[in-house]
2 protein chains.
Amino acid sequence: MYDKKMSEKADLTQFEALAGACKALSHPARLTILQTLARRGTCICGEIVDILPLSQATVSQHLKILKEAGLITGEIDGPRSCYCIDGDAMRLLRGQLEQVFRSLEHCC
Amino acid sequence: MYDKKMSEKADLTQFEALAGACKALSHPARLTILQTLARRGTCICGEIVDILPLSQATVSQHLKILKEAGLITGEIDGPRSCYCIDGDAMRLLRGQLEQVFRSLEHCC
DNA sequence: TTTTCTTATCGTACATCGACGATGAACGAT
DNA sequence: ATCGTTCATCGTCGATGTACGATAAGAAAA
């Protein structure tokens with residue numbers, strides 16, 4: 001009936017960025033795209049379409065999601081597009097996740 | 001017109017488990033729940049509802065998602081439920097993510 | 001210019017997510 | 001047996017995600 005502790009609600013916004021990055025990783029096709037980009041070393045365009053069992057439109061959409069999440073960069077090179085892993089963003093994400101996992105080490 | 005390389009399509013199923021775990025992490029409320037469980041050390045029941053700015057039904061739904069993803073365990077203790085981080089699952093996920101990030105170190 | 005190749009975007013259809021109120025189930029206490 | 005508490009589940013609804021074909025936009029090649 002009465003307020004328990006005068007609303008000490010958690011601030012969810014502090015995790016919004018990390019949650020968004022995890023969402024970008026939360027699809028097999030997008031993880032496969034990242035793996036492919038890393039494996040080829042150099043940037044790749046629509047070879048990804050040939051590799052994935054998905055339509056060109058769907059692949060392009062997944063690439064857009066990864067780009068909007070800041071995990072990859074895309075540059076137009078003539079008639080084709082060249083995508084590349086954003087190393088800085090990836091290292092940042094890696095560090096953030098590592099920090100979370102460290103804080104989660106103390107379980108019951 | 002002709003098959004480029006006789007269908008060397010990537011197998012997306014190999015990343016399904018990891019993608020599913022990332023999806024479980026891809027919501028601020030769920031990350032906050034994990035942080036709360038870790039912070040309290042001991043298992044927690046519906047105090048989470050008091051902490052999060054969400055309804056009891058919504059919190060229960062997030063807890064279910066985390067449990068189905070195997071990241072937490074839930075035990076019924078009398079009239080209340082006691083949740084706890086699954087340390088083994090968390091370490092496994094941490095290792096898998098670390099492996100992915102290592103393979104992504106070689107960027108352009 | 002016209003064609004061809006490559007890629008992005010639009011529109012659509014269906015599935016899933018995220019949030020909530022309401023209800024139900026389980027238990028302790030009266 | 002009847003409350004009151006705690007929690008899970010149901011049903012609903014709008015928003016978002018996933019997939020595709022079709023189309024548009026751009027540059028190279030004819």
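Keep in mind that what you see is a predicted model, and the values were worked out from it rather than measured. Reminder, nothing fancy here: chain letters follow the sequence lines and each chain counts from 1.
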Asks: Rounding to a whole Å, what distance do you find between B:E47:CD and D:dT5:P?
Replies: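 Result: 17 Å.
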Asks: Nearest whole angstrom, please: distance from the P of D:dA27 to the CD of A:E75.
Replies: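 So the CD-P distance, A:E75 to D:dA27, works out to 15 Å.
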Asks: Any side-chain N or O of A:S81 under 4.0 Å from OP1/OP2 of C:dA8?
Replies: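 True: A:S81 side-chain N/O within range (under 4.0 Å) of C:dA8 OP1/OP2.
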Asks: When the distance from CG of A:D77 to P of D:dG26 is rounded to whole Å, what number comes out?
Replies: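 In whole Å, D:dG26 P and A:D77 CG are 16 Å from each other.
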Asks: Which whole-number value in Å describes the distance from A:I65 CD1 to C:dT7 P?
Replies: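 Those two atoms, CD1 and P, are 18 Å apart.
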Asks: Contacts to DNA chain D from residues 53-64 of chain B, heavy-atom cutoff under 4.0 Å, which residues?
Replies: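 Hits under 4.0 Å, by residue number: B:Q56, B:A57, B:S60, B:K64.
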Asks: May I ask you to say whether B:R91 pairs ionically with B:D88, meaning some side-chain N is under 4.0 Å from a carboxylate O?
Replies: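 Yes, charged N to carboxylate O under 4.0 Å.
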Asks: Report yes if the side chains of B:R102 and A:R94 come closer than 4.5 Å at any heavy-atom pair, otherwise no.
Replies: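 Contact flag for B:R102/A:R94 side chains = yes.
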Asks: Using a 4.5 Å cut-off on heavy atoms from C-beta on, say whether the side chain of A:P28 contacts that of B:L18.
Replies: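 Result no, sub-4.5 Å side-chain heavy-atom pair not found.
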Asks: Check whether A:D77 reaches the backbone of A:R80 with its side chain - one donor and one acceptor, N or O, closer than 3.5 Å.
Replies: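 Side chain of A:D77 to backbone of A:R80: no pair is present.
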Asks: Whole-Å distance between C:dC17 C1' and B:L66 CG?
Replies: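 In whole Å, C:dC17 C1' and B:L66 CG are 14 Å from each other.
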Asks: Is A:R80 close enough to C:dA8 that one of its side-chain N or O atoms is under 4.0 Å from OP1 or OP2 there?
Replies: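 No.
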Asks: Rounded to whole Å, please give me the gap between CG in A:L52 and P in D:dA19.
Replies: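 Computing the A:L52:CG to D:dA19:P distance gives 10 Å.
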Asks: With side-chain contact (heavy atoms from CB on, under 4.5 Å) as the test, pick out the partner of B:I85 among B:L66, B:L71, B:L37.
Replies: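 Option passing the side-chain contact (heavy atoms from CB on, under 4.5 Å) with B:I85: B:L37.
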Asks: Using side-chain heavy atoms (C-beta onward) and a distance below 4.5 Å, is A:I33 in contact with A:H62?
Replies: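 Sidechains of A:H62 and A:I33: in contact.
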Asks: Does any residue of residues 16-26 of chain A have a heavy atom under 4.0 Å from DNA chain C, and if so, which ones, in number order?
Replies: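 Nothing qualifies; none.
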Asks: Does D:dT6 have OP1 or OP2 under 4.0 Å away from a side-chain N or O of B:Y83?
Replies: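 Negative; the distance criterion is not met.
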Asks: Could you state the CZ-C1' distance from A:R30 to D:dA19, rounded to the nearest angstrom?
Replies: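 About 12 Å, once rounded to whole Å.
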Asks: Got A:K64 and A:E68 here, is their nearest side-chain heavy-atom distance under 4.5 Å?
Replies: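 Yes, close enough: below the 4.5 Å cut-off.
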Asks: Nearest-Å distance, CD1 (B:I76) to P (C:dA25)?
Replies: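 Those two atoms, CD1 and P, are 14 Å apart.
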Asks: One pair to check against side chain to side chain contact (heavy atoms under 4.5 Å, CB included): A:F101 and B:E98. What are the steps and the verdict?
Replies: CA-CA 11 Å; A:F101 280 115; B:E98 194 53 34; over 6 Å; no
Asks: Taking it one step at a time, do A:E47 and A:R40 satisfy salt bridge (Lys or Arg N to Asp or Glu O under 4.0 Å)?
Replies: CA-CA 10 Å; A:E47 301 171 284; A:R40 306 259 170 155; 3.2 Å; yes
